[in-house]
Amino acid sequence: MNALLNWIIFVPAVTALVLLALPSRQAGWSRWLALGGSLVTAVLSLALLSDFLQFRVGQSLNLLWLPEIGVSYSLGLDGMNLPLVLLTTLLTPLAFVGTWSQMGGDGLRQRCMTALVLLMETGALGSFLSQDLFLFYIFWEVVLIPAYLLVGMYGGPDRFRATLQFFLYTFAGSLLMLVGIGWLIYAHHAATGVPSASISSLQQLVQPFDPRAPLAGLASPQGLLFMAFGAAFLVKAPLFPLHAWLPSAYTQAPVLVTVYLAAILSKMGTYGVAKILLPLFPDAVRAYAPVLMWLAVGGIIIGAMLALAQRNLKTAIAYSSLSHVSYILLGLFSMRTLGISGALLQMVNHGIIIAGLFLVVGWLEERKGSLHLSDFGGWARQTPVLATFFMILVLASVALPGTNGFVGEFMVLVASFRVDAVVATFAAMGAVLGALYMLNIYQKTMFGAAVEGAPAPTDLRRREIFVMGILAAFIIAIGVAPQPYLAVSEGAADSVSQRVQGGPLNAHHTAEPSAGAKERL
Amino acid sequence: MTFSEIFPIQMLNADQWLALVPLMVMSVTGVLAMLVSPFHRLGRSAAFFILTLGSVISLVTIGLSSGTSQVVLDGVVVVDRIARVFWFLLIGCGLATACMTQGYDDREHLLTEYYSLIAFAVVGMMMMVGTRNLVFLFIALELMSLAVYVLVAMRRQSAHAAEAGLKYFILGGSASAILLYGVTLLYGTTGSLNFLAIREASEQLWQPGGVPVLPALGLGLVGVGFLFKIGAVPFHMWVPDVYTGASTPVSGFMISGVKAAAVGAMLRFALEIFTTPVLRGHEGAFHLVLSVLTVATLGFGSLVGLRQTNVKRLFAYSTIAHSGYLLLGFLALTVGQRAEAADAIIAYTVFYAVMNLGAFAVLTQLSPEGSDELELEHLSGLGKRRPYLAFVFSVFLLSMAGIPPTAGFFGKYFLFFSAVSAGEITLTVLAVLASVISAVFYLRPMSYMYMREEGGLEMGIGASRWFGSAAVVSFAVVLTLVLGLVPGWFSGMVR
């Protein structure tokens, strides 16, 4: 039964290899094959869910891989990664179906696109499930090259610059993380005599941190490690001001890839913050959390303002993604159980909403042949089904009560209000701006006068309605009854919060963090 | 008077003879291949066959030999773990180069002596990594270099090849002379040619409070000789021109074999002389020099590589950058005293040789007829026209960029790990940044192969489907991926 984790990770990869080896004459079948592979993965992950609900304990798998450098092949399911695993496995087939017609035609394009997306799925699932830092890194990097190739091969006209930027940012971040991993393994070796990259055993080993001054803290081992890991996670998420790669990569990528980048790859960054950055470097996080929270608020507001200023539909949604991912980071850096819980929920929520939004953008582009906001107008009358689903997504995105976006962002705001009222106030202002630009986009595309002389666009096809229906069902289900989702990740959020706060939080918690660190050692 | 008193020749025992078998087999191979070369029709095939047979026999004898170290003639030949690993690698490089040349040699009208020169070069390399005697090291270096000078200049119809050969010969000759001068200084001040004796003498010479000028200069000059061969800044001038001008298989041979031999010899030199504690007393200056060299090499290789459009030249700059990573390992080994850095260097050299051989076998297949100089534009659309070749080429490129799950990733990781454990955090971070920059130029061929359609040369390129280089490509890609998934397999074998 434990092999289930392996199956979930490697079914997509094997499907991808089969796809790549498919003879050219059969390439027309590749989207069916890819869909089949991703459906198998989805079913397996549901089996994993029922198993988890039954026993309340995740499965795990532990094999020695490279004992001489302390690396094991160690996978484990817990309350923190279960929702993200389900999000990934369920969203992949939906994304395939949602972009079905855009993949059509050329067999080669279909084959490469689906195969590379499946490889990204393997990488994402592997990094969510890894309980070993080194293994986490390997899977983390597996995602990079397919993403690079997909944007470069099937992207828009400005794809070369976009891929280069995307690659430079993410690869620089992840190599710094690799150095950090090497350091941690060596530190474990120096302290205990055996090298280990296991996340749980590295948690026992708090690196020294100098809390006297901000700069001295950064130069101390924990501060350096914090920066190295932070570089990887906060670029991928991204946190303002590390987001420069995001607008061009999201805009130039084909819709299927944008969905994947925004819904799943950005979650790898936020998940890394929750799983690795907070528990492993608690003193540094405590010392810099105020700054990080301000940066997150900066991301919320600046992302929203930039989204408001865009004329290109896809870029606008890309900036909105930046704004909403910043809420997740705000919740995580609030270090409260409530905030982390809300952030974990919001990771799934954002995945669902942003996937839906980008799919809608893709359909609009497919029907209109343009992404320019001024080319649209009056579609609500011509395509009522599309307009309805778009409305649901917009409402979820602006966090209307009753949708899933409300629950997560509200929890995040409450938690950050308890930490710093000013920050929370600014974040709430960001929510207002969010409503402004989403409704603005909606109004410009769906309402208003139809463009003169343009042929009436066709409404959603049956399979597109199916995809949207499932996404809308999740939006409303989580919005109305979030308790089951929260219950799964509650324990994980609580333990992260306990760990990073090192006991009850007082007003001047940075006063003696090193004493707290010593106690934990 | 007995015979042994008149001729004080040390008699070898059976184990020592056995340990020397691979070296002798390769020498005989070289001679035999030279002898059959002049025969008109069969010469080429016969020479190739002899080289293959000799290499296989040597590989088998190394594989079968017991793991014990044998020291022959007071260290003139040392057959220990390092020597065996490098011998295996070097013979493999020679064999792979010979296979890559199949078909290519007809087209480019290479002389039949090519194969015997490869055998001689391999013998020189094997002697280089298997000696702790300075004079013998010099002779071995010259044996290798002379053979390679000829190999580089062998494509007679090309002016670039002649230029490359001459440049390599003159600069290489100067570097050898510098090395030899260092040898004389070391011999003059320490009274010995043996590494271990020099190490003992240094412990006497290096007293606290002062650096003895002559032996320090000697060590430095020998170091310059090595740095020239691995192409470290500022001794890198020859690298781009020579690698571009030489025939593609020969460039592959140099980037894998010649470099590995230099690294192996340098590793032994560093392990047996520089690990003495007295030299560490002066680590400040030494550390500074080596760090500056490392950073300069890394920075130069990766930054200048960004602007290249010729694929072979791009690989030449990449090999400069890779020398920088190796220097990082040497820094951890000598200054940081991390014994495991030696394993990291060995692993990196082996992995790097494998992926470079693979990449150059791909380049041989793609080499345009007439010029043999592949430009990046020629690669446009290769992903569609020859998907498998484009795929394996991408694997090699990604491996050089150090992206998992490939061998290159682990090679780089082991080096970074040893540097981090030696406390060289700043240098490691700089190396990481260099590696990000160089990743950009490794991705450029990929972006041409997969992301551009137009402009690919239809003629010449993609026409060659030589069996030999295809076999090398397949073997190298399998090794690259296997070592990327289970690098423990390799380190277990090395031990």
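Worth saying up front: this structure is predicted, and the values here are computed from it rather than measured. So you know, we letter chains A, B, ... as the sequences are listed, proteins then strands, and number each from 1.
- Residues satisfying the side chain to side chain contact (heavy atoms under 4.5 Å, CB included) test with B:Thr297, not counting sequence neighbours, are B:Ala232, B:Val233, B:Ile320, B:Ser323, B:Leu327.
- We find the CD1-CG distance between B:Ile403 and A:Leu144 to be 5.5 Å, quoted to the nearest 0.5 Å.
- Interface residue A:Phe167: only side-chain heavy atoms are found under 4.5 Å from chain B.
- Using a 4.5 Å cut-off between heavy atoms, B:Leu433 does not touch chain A at all.
- Between B:Ser435 atom OG and A:Phe171 atom CZ the span is 5.0 Å, to the nearest 0.5 Å.
- The candidate with the highest count of non-hydrogen atom pairs below 4.5 Å against chain B, out of A:Ile181, A:Leu149, A:Leu176, is A:Leu149.
- For B:Ala419, no part lies near chain A; criterion is any non-hydrogen pair under 4.5 Å.
- Considering only heavy atoms from C-beta on, B:Val432 stays 4.5 Å or farther from A:Leu178 through its side chain.
- Each of B:Gly402, B:Ala439, B:Pro405 has some count of heavy-atom pairs under 4.5 Å with chain A, and the biggest count is that of B:Ala439.
- To the nearest 0.5 Å, atom CD1 of residue B:Ile437 and atom CG of residue A:Leu168 are 8.5 Å apart.
- Between B:Met451 and A:Arg159, the shortest heavy-atom contact is O-NH2, 2.7 Å.
- For A:Leu175, the parts lying under 4.5 angstrom from a heavy atom of chain B are both the backbone and the side chain.
- Residue with the most contacts toward chain A among B:Ile425, B:Val436, B:Thr428, B:Leu398: B:Val436 (heavy-atom pairs, distance under 4.5 Å).
- Residues A:Tyr148 and B:Ser447 form a side-chain contact, since some pair of their non-hydrogen atoms from C-beta on lies under 4.5 Å apart.
- Considering only heavy-atom pairs separated by less than 4.5 Å from chain B, the leading option among A:Val142, A:Leu224, A:Ile185 is A:Ile185.
- Between B:Tyr413 and A:Phe134, the ring planes lie perpendicular to each other; the angle is over 60°, past the 30° to 60° tilted range.
- Atom CZ of A:Phe10 has more than 12 heavy atoms from other residues, nucleotides or ligands within 6.0 Å.
- Within the 4.5 Å cutoff, the side chain of A:Ile138 has heavy atoms near those of the B:Phe409 side chain.
- When ring centroids are compared, A:Tyr186 and B:Phe416 stay outside the 6.0 Å threshold.
- Atom OG1 of A:Thr163 and atom OH of B:Tyr450 lie 15.0 Å apart (nearest 0.5 Å).
- Among the candidates B:Leu485, B:Val486, B:Val429, the residue making the largest number of heavy-atom pairs closer than 4.5 Å to chain A is B:Leu485.
- Within a 6.0 Å radius of CZ in B:Phe391, no more than 12 heavy atoms belonging to other residues, nucleotides or ligands are found.
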